[in-house]
Q: 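Got a structure for you, questions after.
If you read the sequence from its start, that first residue is 1, and numbering goes on from there.
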Amino acid sequence: MTLKTTLAATTALTLAATGAFAESHTTMSNDMTIVSWGGAYQNSQLKAYVEPYVALHPEVNVVWDESSNEAVAKLRAMNEANNITWDLVDVEAADAIRLCDEGLAMEIDIDEALAPGDDGSTATEDFGDSLISDCFIPQIVFSTTVGYRTDMVGDTPPTDICAIFDTETYPGKRALNKRPLANVEWALLCDGVAKDDIYDVLATDEGQAQAFAKLDTIKSDVVWWSAGAETPQLLADGEVVMGSTYNGRLFSAIAEQDQPIGMLWDAEMLDFDGWVVPDGLPEDRLARVMDFLMFATDTQRLADQAKYIAYGPARASSAPLVSNHADLGIPMAEHMPTDPANATNVFVTQYAFWSDYRDDLDAKFQAWLAQ
């Protein structure tokens, strides 16, 4: 089957599955604003999803917004103003839960809205445990982990996450995310709290104070980042000796840009990332979004994204189709955060915890930064 034939078949499936929208609309909106994270990750979405979709639908104009790190606050503001300007938003799992709970994201019938798996599974079966909210359409499994400059760590490169706090062995600046997630878990772990107890401790005022006290020990050595692309650039420029970011960003810097950077997989924070549809879209815009989602989340498309960035596809049926990097030709499976060699000591981010505590911990974290 040719690529053109395959794409045509996919389009036919898309139109059939979104018949509920098509019946009430002779046309769909030709403009779509997609919100994502910028950098290598957004480029992987462009290559795997958007460019093939626009090739099928040249009338569609896609505008990108790189504000996913502010998605909750901005969607709250849009809802208050009754002016939803975004059509599709890429968020982490905990934020999807918050947006769904607040009525800011639309609930979606996964089996009605998305294609079945190529292996015959229903969409619900195929996505499995990644379906953590009625409003969440998973795309990837990723991890927040740590990269380091191989030429700035001496003869003993770090193998333990607590190297972040070891400024004697590894002097120099660190880059950390300007929000609590991952930072507070690692702080407690490196202050002696057992991994299985981290979230129970973090749910208490005393546990939060303990985490901030541990972070105090390196506060003067930290460069704070807000966008995932910042740490790879800081590492490439030699401005930090190590720093946290998303594993796919580090893969891009190491494999694609040939930077002198190593990857520390210890205590990587595994998480899901995916789409939410803002609640209250006009029907023509909603019809376009759902048409796009049917295409962009099928088995092949999620496998295709892994050609451009080292994130595991959220569909089980996509995993066997993960192949080689689109440009470098190297096998991608071994660079995934879920590869057994990389996943010997992982945290699975408790998105339910973060959906409950995120606003409070964010406020405390920002107050701590200002001290």
Side-chain angles (χ1 to χ4, degrees), residues 7 10-37 41-42 44-68 71-72 74-76 78-79 82-93 95-96 99-100 102-116 123 127 130-131 133-140 272-298 300-302 304-305 314-315:
L7 291 176
T10 303
T11 304
L13 177 61
T14 298
L15 293 174
T18 54
F21 294 104
E23 286 174 10
S24 58
H25 297 278
T26 55
T27 60
M28 291 182 277
S29 173
N30 289 333
D31 295 309
M32 184 165 52
T33 297
I34 299 178
V35 185
S36 190
W37 301 86
Y41 177 60
Q42 187 170 301
S44 73
Q45 294 174 310
L46 173 69
K47 294 294 185 183
Y49 311 149
V50 173
E51 287 184 352
Y53 183 79
V54 172
L56 286 170
H57 303 280
E59 73 279 8
V60 174
N61 175 52
V62 174
V63 175
W64 290 96
D65 185 307
E66 299 180 7
S67 302
S68 281
V72 174
K74 289 199 170 186
L75 280 172
R76 284 171 177 164
M78 288 180 192
N79 185 263
N82 197 28
N83 182 28
I84 309 299
T85 59
W86 292 349
D87 296 304
L88 187 62
V89 187
D90 185 293
V91 294
E92 295 172 359
D95 284 347
L99 290 166
C100 200
E102 294 179 29
L104 300 174
M106 188 178 80
E107 293 189 8
I108 293 171
D109 184 329
I110 294 295
D111 287 329
E112 181 179 329
L114 305 185
F127 283 107
S130 64
L131 295 172
S133 166
D134 291 337
C135 304
F136 185 57
I137 301 177
Q139 289 176 79
I140 59 162
F272 295 115
D273 195 277
W275 301 113
V276 294
V277 179
D279 192 56
L281 289 183
E283 290 188 356
D284 62 332
R285 287 165 58 191
L286 179 59
R288 175 60 69 189
V289 167
M290 299 311 295
D291 191 70
F292 173 76
L293 281 173
M294 171 68 79
F295 174 84
T297 62
D298 71 13
Q300 187 62 58
R301 246 50 60 182
L302 293 186
D304 286 348
Q305 187 177 8
R315 277 186 183 264

Q: Side-chain contact test, heavy atoms from C-beta onward, threshold under 4.5 Å: evaluate it for Ser36 versus Tyr41 and give yes or no.
A: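 They are in side-chain contact.
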Q: Is it the case that the side chain of Asp87 and the backbone of Thr33 share a donor-acceptor pair, with hydrogens and angles ignored and the cut-off at 3.5 Å?
A: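 Flag set: sc Asp87 to bb Thr33 pair under 3.5 Å.
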Q: Hey, what do you get for CE (Met290) to CD (Glu112), rounding to the nearest 0.5 Å?
A: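 Spacing of CE (Met290) from CD (Glu112) equals 8.0 Å.
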Q: Minimum heavy-atom separation for Pro52 and Leu46, please, with both atom names.
A: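 Closest approach of Pro52 to Leu46: CD-O, 4.0 Å.
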Q: Can you tell me how far apart CG (Asp90) and CD1 (Ile140) are? Round to the nearest 0.5 Å.
A: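 Atom-to-atom, Asp90:CG and Ile140:CD1 are 7.0 Å apart.
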Q: Between Leu293 and Thr297, which heavy-atom pair has the shortest distance, and what is it?
A: O-OG1, 2.6 Å
Q: Using the side chain to side chain donor-acceptor pair (under 3.5 Å) criterion, which residues pair with Glu102? Sequence neighbours excluded.
A: Arg76
Q: Ser67: which residues meet the side chain to side chain donor-acceptor pair (under 3.5 Å) condition with it, sequence neighbours left out?
A: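 Ser67 satisfies side chain to side chain donor-acceptor pair (under 3.5 Å) with Asp65, Lys74 only.
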Q: Taking the side chain as every heavy atom from C-beta outward, state whether Val289 and Trp275 have any pair of such atoms under 4.5 Å apart.
A: no
Q: Sequence neighbours left out, what pairs pass salt bridge (charged side-chain N to carboxylate O under 4.0 Å, His left out) with at least one residue falling in residues 27-37?
A: none
Q: Please tell me if the side chains of Trp37 and Gln45 come closer than 4.5 Å, counting only heavy atoms from C-beta onward.
A: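 They are not in contact (no side-chain heavy atoms under 4.5 Å apart), so the answer is no.
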Q: How about CG on Asn82, more than 12 heavy atoms from neighbouring residues, nucleotides or ligands closer than 6.0 Å, or not?
A: no
Q: From Leu114 CG over to Arg315 CZ, what is the distance, rounded to the nearest 0.5 angstrom?
A: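 Rounded to the nearest 0.5 Å, the CG-CZ separation comes out at 6.0 Å.
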Q: Is there a side-chain contact between Tyr53 and Val62, using heavy atoms and a 4.5 Å cut-off?
A: no
Q: Suppose we screen for side chain to side chain donor-acceptor pair (under 3.5 Å). Which residues come up paired with Asp111, at least two apart in sequence or across chains?
A: Thr124
Q: Please find the pair of heavy atoms, one from Ala296 and one from Leu302, that lie closest to each other, and give the distance.
A: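 Between these two residues, the closest heavy atoms are O-CD2, 3.9 Å.
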Q: With Glu66, which residues qualify under side chain to side chain contact (heavy atoms under 4.5 Å, CB included), at least two apart?
A: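 In terms of side chain to side chain contact (heavy atoms under 4.5 Å, CB included), with neighbours along the sequence ignored, Glu66 is linked to Gln42.
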Q: Among Leu99, Asn79, Leu75, exactly one meets side-chain contact (heavy atoms from CB on, under 4.5 Å) together with Pro278. Which residue is that?
A: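 It is Leu75; the other options fail the test.
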Q: For Pro282, check side chain to side chain contact (heavy atoms under 4.5 Å, CB included) against everything at least two apart and list the hits.
A: Asp284, Arg285
Q: OG1/Thr85 to CE/Met78 distance, rounded to the nearest 0.5 angstrom?
A: 3.0 Å
Q: Once you round to the nearest 0.5 Å, how far does CD of Glu107 lie from CZ of Phe136?
A: 15.0 Å
Q: Which residues pass the salt bridge (charged side-chain N to carboxylate O under 4.0 Å, His left out) test with Glu51, not counting sequence neighbours?
A: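 If we apply the salt bridge (charged side-chain N to carboxylate O under 4.0 Å, His left out) test to Glu51, skipping adjacent residues, the hits are Lys47.
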Q: With rounding to the nearest 0.5 Å, note down the distance linking CG in Asp291 to OG in Ser29.
A: 11.5 Å
Q: With the side chain counted from C-beta on, respond yes when Val276 and Trp86 share a heavy-atom pair under 4.5 Å apart, and no when they do not.
A: no
Q: Side chain to side chain contact (heavy atoms under 4.5 Å, CB included) with Asp279: which residues, sequence neighbours excluded?
A: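 Applying side chain to side chain contact (heavy atoms under 4.5 Å, CB included) to Asp279 gives Met106.
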Q: How close do Ala105 and Cys135 get, heavy atom to heavy atom, and via which atoms?
A: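 Reported closest heavy-atom pair: O-SG, 3.5 Å.
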Q: Apply side-chain contact (heavy atoms from CB on, under 4.5 Å) to the pair Leu88 and Val277, showing each step before the final yes or no.
A: CA-CA 5 Å; Leu88 187 62; Val277 179; 4.0 Å; yes
Q: Do Ile137 and Ile110 come close enough that some side-chain heavy atom pair is under 4.5 Å?
A: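 SC-SC contact between Ile137 and Ile110 confirmed.
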Q: What are the two closest non-hydrogen atoms of Gln305 and Ser44, and how far apart are they?
A: NE2-OG, 3.0 Å
Q: Looking at residues at least two apart in the chain, or sitting in another chain, which of them share a side chain to side chain donor-acceptor pair (under 3.5 Å) with Ser68?
A: none
Q: Is there a side-chain contact (heavy atoms from CB on, under 4.5 Å) between Glu92 and Asp273 once you walk through the steps?
A: CA-CA 4 Å; Glu92 295 172 359; Asp273 195 277; 3.6 Å; yes
Q: Between Val50 and Phe292, which heavy-atom pair has the shortest distance, and what is it?
A: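 Taking every non-hydrogen atom into account, CG2-CZ, 4.0 Å.
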Q: Within a strict 4.5 Å, meaning less than it, do heavy atoms of the Tyr49 and Asp304 side chains meet?
A: no
